[in-house]
Amino acid sequence: MKSIAALQAAVTATPSDREPTAAELDAIETESPLILAEVALLDAQIMTIDRTPTELDQQRIRRARRRVLAARRDLANRAATVTASGGAA
């Protein structure tokens, strides 16, 4: 039987490799409005899993969908602006 102990160091990240880079943190911060909007939509959908949605539930889901679409639009526009201006916003 072959031991894989010698190979473990090659596939196991060191603690310093697990920290996000500044660029990754910036990307997360840029995408956080979209992430939060998607979480709100998911919450609204989860509330209606085990029951028939009421009119209020349907409004909440529609509102959350609109927030997700608006956040996606804003993120796409921001990316297009950065690309068009050569990397500076």
Side-chain angles (χ1 to χ4, degrees):
M1 180 166 202
K2 213 160 95 172
S3 175
I4 61 167
L7 300 176
Q8 187 172 5
V11 296
T12 304
T14 61
S16 63
D17 291 341
R18 293 185 184 150
E19 296 296 320
T21 64
E24 290 171 332
L25 290 174
D26 289 341
I28 291 169
E29 185 176 339
T30 301
E31 294 178 3
S32 66
L34 175 59
I35 294 168
L36 294 174
E38 288 175 337
V39 168
L41 174 59
L42 187 59
D43 286 343
Q45 291 170 333
I46 287 172
M47 287 192 305
T48 62
I49 283 178
D50 59 346
R51 60 185 166 90
T52 303
T54 63
E55 182 60 33
L56 182 62
D57 293 329
Q58 292 172 353
Q59 288 176 355
R60 186 177 293 124
I61 291 170
R62 282 194 303 271
R63 200 172 313 121
R65 282 189 181 132
R66 284 193 300 268
R67 276 188 236 127
V68 168
L69 291 174
R72 285 182 184 165
R73 180 199 61 220
D74 294 343
L75 190 59
N77 287 342
R78 185 176 306 142
T81 303
V82 169
T83 303
S85 65

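Owing to the predicted nature of the structure, the values given are computational and were not obtained by experimental measurement.
Residues passing the side chain to side chain donor-acceptor pair (under 3.5 Å) test with Asp57 are Arg51, Thr54, Arg60, sequence neighbours excluded.
Ion pairing between a basic and an acidic side chain is recognised when a charged N comes within 4.0 Å of a carboxylate O; Arg72 and Glu38 show such pairing. Here Arg62 pairs with Glu55 in a salt bridge; the nearest charged N to carboxylate O distance falls below 4.0 Å.
If you take CD1 on Ile49 and CE on Met47, they are separated by 10.5 Å, rounding to the nearest 0.5 Å. A distance of 12.0 Å separates OG1 of Thr30 from CG of Asp74, quoted to the nearest 0.5 Å. Atom CG of residue Leu56 and atom CD1 of residue Ile61 lie 10.0 Å apart, to the nearest 0.5 angstrom.
One hydrophobic cluster, built from ILVMFWY side chains closer than 4.5 Å, cannot hold both Val68 and Leu42; they sit in different ones.
Under a 3.5 Å cut-off, the side chain of Glu31 and the backbone N or O of Ile28 do not form any donor-acceptor pair.
Considering only heavy atoms from C-beta on, Glu29 stays 4.5 Å or farther from Leu25 through its side chain. Between Leu41 and Arg65 the shortest side-chain heavy-atom distance falls below 4.5 Å.
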